[in-house]
Amino acid sequence: MLTVFLQFLFSGLTVGSVYALVGMGFNIIYNATSIINLAQGEFVVIGGLLMWFFLESCKLPFLLAVALTILSAGLVALIMERLTIRPLKTNDLLIMIMVTVAVAIVMRGLLMFKFGKEPYSFAAFTEGDPLVIGGAVIQLQTLWVLGITGTCILALYAFFNLTIAGKAMRACSFDPTAASLVGIPVSRMIMFSFILSAMVGAIGGIAITPISLMEYDKGPMLAVKGFCAAMMGGLGRGRGAVVGGLTIGVLESMTAGYIHSGLKDAVALLILLSILFFRPAGLFGNAAMQRLKGH
Amino acid sequence: MLKLKNVDIFYGKIHAIKRVSLHVDEGKIVALIGANGAGKSTLLKTISGLHRPEQGAISFGDSDITRMAPEDIVRCGISQVPERAHVFKPMSVEDNLLLGAYHRSSRSAQTSIRHDIDRVYDTFPVLRERKKQLAGTLSGGEQQMLAIGRALMAKPKMLLLDEPSMGLAPIIAREILTMIAHLRQQLGLTVLLVEQNARSALRIADSGYVLETGRILVQGTADDLLANRDVQRAYLGRDAE
């Protein structure tokens, strides 16, 4: 009984970490621009598939493949921002968000063109016997996923709250005019936020692929779950996305295990709806803060 | 120090500024007065690089800043205190000041930035009391002080102020304008001051320009403008005599 529960818990935390990373990706761009980048899930897919490409198809050493994958994801984001977001001479967030949807569709198409429809995977980062805790089995890769997520989150927290570059990036979303007037290069900051969030997404993709496989069309579902995670914690709040992601992951896994696996994907959406109804600023956001941001 | 030559600016389809020339000499306070919609803010935004002029040239010192990016103009030494302060509301007072020094923030500059933050706190003691508070929770006058402090953190040679007394109680508005005159003395700043409140602006200014529907109508020393009948009638209102 307990064994089964623990098993569901661990697998929930694993997927949940990836949702948290996707949620963080949303937060990064939101923190710099107030845009919701709905192509966020595609960067996770790019991470998984390119990692397979560099590692299995090009036979590159592991660390080099990781570096190339992360850099390529950053490059794709740079191209995306320069080609589609920057030329828009509009302040209408809705238009920009629609553009990210279009980009996501194009990226999915290109990924299918290159990789086809079948799922890909590669070996776990370290070999070794899985841990057994209370009868439940934990793959070593699960520990990698959790560790990497934790590290990313701490690093991002430090970046946004302790460094001048991170604060400047947040300032760009609060008040782009004032940010320009104090000498912050706003458009470069926006570009940098797209690159950073793509890299975080790709890291998530690299970490999760050995456990859950990766295919070209996994992006939208990941984006929905990550968005729910970010909304649950309050958009723009780092620790919120983590709690949101892990909660959704665990609830999903419990629902699939105890009720029916068909209901799994409904969980995140139910949570999203209840958050929107009852706590639109998120569990950790507060309405007064939201007012200060002016949206 | 700052020179605008035959500047034309379009705001969308509106011809907001028509062949405006003006200059501000080093160490002077120049007031730019005019009614709402005369194009004062548009002109300041253009100097700071937020708008591009259609025609004409803007130079600062020896550099042509007409087509420079806003961040490079800040680097040249022009800081603007925008209309309604535009502080970063969800951030602390201290973070607002830190961001003011963004263009010179490197590891080696940390001590001098710290020192400058203390100087801003000395100038505006109320900001020191509230340094951990979120800027959006400050009163209007305090936000204006913070915006001025933030602009000073860039170590500017010249300050552009867009209606610093707007929406403030008269006594606070007066305090802020006095502070601007004081800062000019203390730091040797050059100031271009945009105001709807012509009388109080001209009181601290050396000279001024009157802008009406995008054109310079009158220019002269502050005393001349205060004595000018047209200016009195149109901008100094009922307390003209």
Side-chain angles (χ1 to χ4, degrees), chain A residues 27 30-34 86 89-92 157-193 233-240 281-282 284-295, chain B residues 41 44-45 47-51 68-92 94-107 109-110 113 133-138 143 146-147 149-156 159-160 162:
Chain A
N27 283 344
Y30 181 81
N31 270 340
T33 64
S34 302
R86 183 138 209 242
K89 295 270 181 253
T90 172
N91 290 321
D92 190 336
Y157 177 85
F159 174 70
F160 276 113
N161 292 286
L162 305 178
T163 73
I164 187 81
K167 287 175 183 174
M169 206 181 254
R170 279 164 58 214
C172 291
S173 87
F174 299 146
D175 198 325
T177 307
S180 292
L181 288 178
V182 297
I184 299 170
V186 175
S187 93
R188 213 175 312 152
M189 282 291 172
I190 291 175
M191 181 183 87
F192 187 51
S193 76
L235 266 179
R237 305 183 73 83
R239 112 195 111 123
F284 297 95
N286 61 52
M289 189 73 174
Q290 218 61 20
R291 266 199 304 282
L292 285 186
K293 288 182 187 169
H295 37 74
Chain B
S41 293
L44 279 204
K45 283 189 181 143
I47 297 173
S48 281
L50 295 176
H51 283 311
M68 269 193 195
E71 62 265 24
D72 296 327
I73 292 174
V74 173
R75 227 162 248 129
C76 283
I78 303 184
S79 279
Q80 181 177 157
V81 180
E83 199 177 348
R84 295 175 195 285
H86 274 269
V87 293
F88 300 118
K89 291 181 178 170
M91 301 179 112
S92 72
E94 185 133 322
D95 278 351
N96 269 269
L97 293 176
L98 270 175
L99 285 171
Y102 178 82
H103 82 85
R104 58 193 187 98
S105 33
S106 61
R107 210 161 273 283
Q110 287 316 309
I113 290 175
Q133 216 168 303
L134 298 183
T137 63
L138 301 181
Q143 291 193 15
L146 178 56
R150 184 181 63 185
L152 292 176
M153 287 301 295
K155 276 205 184 295
L159 212 51
L160 311 177
D162 197 350

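Numbered from 1 within each chain, the chains take letters A, B, ... in sequence-line order.
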Seminar exercise, completed: Separation between NZ (A:K167) and CE (B:M91), nearest 0.5 Å, reads 7.0 Å
Problem set entry | A:F160, CZ atom: more than 12 neighbouring heavy atoms under 6.0 Å | yes
Problem set entry | Structural part of B:L99 lying under 4.5 Å from a heavy atom of chain A | both
Exercise. What distance do B:H86 atom NE2 and A:S180 atom OG have between them, rounded to the nearest 0.5 Å?
Worked result: 11.0 Å
Problem set entry | Min side-chain heavy-atom separation A:L181-B:V74 under 4.5 Å | no
Exercise. Measuring from B:F88:CZ to A:C172:SG, what's the distance to the nearest 0.5 Å?
Worked result: 7.5 Å
Problem set entry | Enclosure of B:R84 CZ (heavy-atom neighbours >12, cutoff 6.0 Å) | no
For this session: State, to 0.1 Å, how close A:P185 and B:Y102 come at their nearest heavy-atom pair, and which atoms those are.
Result: CD-CE2, 3.6 Å
For this session: For residues A:V182 and B:N96, determine if any side-chain heavy atom of one lies less than 4.5 Å from a side-chain heavy atom of the other.
Result: no
Exercise. What's the spacing between A:I164 CD1 and B:L98 CG if we round to 0.5 Å?
Worked result: 5.0 Å
Exercise. Would the number of heavy atoms belonging to other residues, nucleotides or ligands and lying under 6.0 Å from CZ of A:F159 be above 12?
Worked result: yes
For this session: Would you mind checking which part of B:V87 comes under 4.5 Å of any heavy atom in chain A, side chain (CB onward), backbone (N, CA, C, O), both or neither?
Result: backbone
